Amino acid sequence: MATETTTPTPQPAQTYIPSKVARTEYPLIDNDPHFKRVVGYARTSDYAHGLGAAAAGPGLLYLMERLAPSHVGRGGFAKAMRLTGVIGALGGFLYFYERSILRFYGMSENKREIDLDMREMVDRVKLGLPLYGESKLTPHMQGVAARQSRYSALFTSVLPWFNFVNHNQHGVDTAKYYRQAELELEAEGK
């Protein structure tokens, strides 16, 4: 009696795993926005808060030096101010970024960002462009990148992690952009 061996058919790697959607007070725009979108959609208040946070460290160090001099000697205070300035700038940027990205997640008021998102995506649909840009990565690697950076801003205080990859896994139903584009094209008579 001969035994027949069969080799299993290789299955393609699953590239899309639906993400969980956090329950928030405001609608989700994107659970893994690209770095450029987060910075581009930032409000003036985000910049002001970031600059304020960046200036707080050097400002407080200067105030403390005036109130209770450290007497560190020649050049010591300047080095401390430079270090505090760099740390303050990094902290200010992270605070600015966090305020902006939380609106994408729907964790703070985001009406303006919803309108900007709809306008940007509908314009891309009308031009026939991919909604979230083109990527040089394989679909599998795009999925890996998406899973690594999805909701990553909620952990920024421990490990800052940004999305620099274009992919199509953003936790929202993109049909709304196509429906709106159809309505606008019909209204334009095209």
Side-chain angles (χ1 to χ4, degrees), residues 10-51 90 92-156 159-190:
Q11 298 294 320
Q14 185 176 1
T15 59
Y16 181 76
I17 297 175
S19 64
K20 294 181 180 179
V21 177
R23 294 173 197 234
T24 59
E25 188 175 341
Y26 303 98
L28 172 71
I29 298 171
D30 191 336
N31 66 10
D32 191 19
H34 194 280
F35 181 85
K36 290 180 184 176
R37 290 187 79 205
V38 176
V39 173
Y41 283 33
R43 297 179 180 184
T44 307
S45 64
D46 298 335
Y47 286 98
H49 281 89
L51 287 172
L90 289 172
F93 171 76
L94 291 175
Y95 185 49
F96 149 83
Y97 189 86
E98 187 80 10
R99 284 179 52 92
S100 181
I101 200 168
L102 287 178
R103 289 193 200 92
F104 279 91
Y105 296 163
M107 295 183 179
S108 61
E109 186 278 316
N110 61 359
K111 175 71 174 119
R112 175 186 167 271
E113 287 74 14
I114 289 171
D115 295 340
L116 287 172
D117 175 63
M118 183 61 78
R119 181 78 269 133
E120 177 187 359
M121 295 303 170
V122 167
D123 289 346
R124 292 185 71 83
V125 169
K126 287 180 177 179
L127 294 173
L129 298 172
L131 285 179
Y132 296 102
E134 294 182 21
S135 180
K136 295 178 183 177
L137 297 177
T138 65
H140 174 71
M141 290 309 296
Q142 290 176 38
V144 169
R147 288 187 295 278
Q148 295 299 320
S149 60
R150 190 175 292 142
Y151 288 114
S152 62
L154 300 178
F155 205 54
T156 296
L159 178 67
W161 195 276
F162 309 106
N163 175 24
F164 295 108
V165 176
N166 290 321
H167 58 77
N168 61 355
Q169 301 178 28
H170 295 270
V172 294
D173 181 12
T174 57
K176 63 185 176 184
Y177 305 126
Y178 292 95
R179 282 192 298 270
Q180 184 63 32
E182 285 177 14
L183 292 172
E184 289 183 15
L185 288 172
E186 286 176 9
E188 294 169 7
K190 291 185 178 179

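From a predicted model like this one, the values you see are computed outputs, not experimental measurements.
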>> If I compare all heavy atoms of Y41 with all of S100, which pair ends up nearest, and what's the gap?
In response: C-OG, 4.2 Å
>> Can you tell me how far apart CZ (R124) and OH (Y178) are? Round to the nearest 0.5 Å.
In response: 10.0 Å
> Do you know the tightest heavy-atom contact between V122 and A181?
Replying inline: CG1-CA, 3.8 Å
> Counting only N and O atoms by type, is there a donor-acceptor contact under 3.5 Å from the side chain of H140 to the main-chain atoms of L137?
Replying inline: no
> Can you tell me how far CG of L116 sits from CE of M121, rounded to the nearest 0.5 angstrom?
Replying inline: 11.0 Å
>> I need the minimum non-hydrogen distance between G143 and Q169, along with the two atoms involved.
In response: CA-NE2, 3.4 Å
>> Is it true that, when you exclude F155 itself, more than 12 heavy atoms of the residues, nucleotides or ligands shown sit nearer than 6.0 Å to its CZ?
In response: no
>> Distance check, rounded to the nearest 0.5 Å: K126 atom NZ versus L185 atom CG?
In response: 5.5 Å
>> For the CD1 atom of I114 and the CD1 atom of I29, what is their distance to the nearest 0.5 Å?
In response: 5.0 Å
> Does S149 reach the side chain of V165, with side-chain heavy atoms less than 4.5 Å apart?
Replying inline: no
>> Can you tell whether the side chains of D123 and R119 come within less than 4.0 Å, N to carboxylate O?
In response: yes
> Of the non-hydrogen atoms in S45 and H49, which two are nearest, and what is the gap between them?
Replying inline: O-ND1, 2.7 Å
> Do you know the tightest heavy-atom contact between M107 and A22?
Replying inline: CE-CB, 4.4 Å
>> Which heavy atom of Y105 sits nearest to which heavy atom of N31, and what is that distance?
In response: CE2-O, 3.5 Å
> What pairs of residues pass the salt bridge (Lys or Arg N to Asp or Glu O under 4.0 Å) test when at least one of them lies in residues 31-51, not counting sequence neighbours?
Replying inline: D30-R37, R37-D117, R37-E120, R43-E109, R43-E113, D46-R99, D46-R103
> How long is the gap from CG on D115 to NZ on K111, to the nearest 0.5 Å?
Replying inline: 3.5 Å
> Mind checking whether P33 and I101 have side chains closer than 4.5 Å, heavy atoms only?
Replying inline: yes
>> Do E134 and N166 make a side-chain contact, defined as non-hydrogen atoms from C-beta onward lying under 4.5 Å apart?
In response: no
> Do V172 and L28 have side-chain heavy atoms sitting under 4.5 Å apart?
Replying inline: yes
> How far does CD of E182 sit from OH of Y177, to the nearest 0.5 angstrom?
Replying inline: 15.5 Å
> Aromatic rings Y97 and F93: how do their planes relate, parallel, tilted or perpendicular, breaks at 30° and 60°?
Replying inline: tilted
> Can you check whether P27's main-chain N or O pairs, donor with acceptor, with N110's side chain at less than 3.5 Å?
Replying inline: yes
>> Go through it in stages, so that I can follow the logic: the residues are F162 and V38, the test is side-chain contact (heavy atoms from CB on, under 4.5 Å), and I'd like the CA-CA distance, side-chain angles, deciding distance and then a yes or no.
In response: CA-CA 10 Å; F162 309 106; V38 176; over 6 Å; no
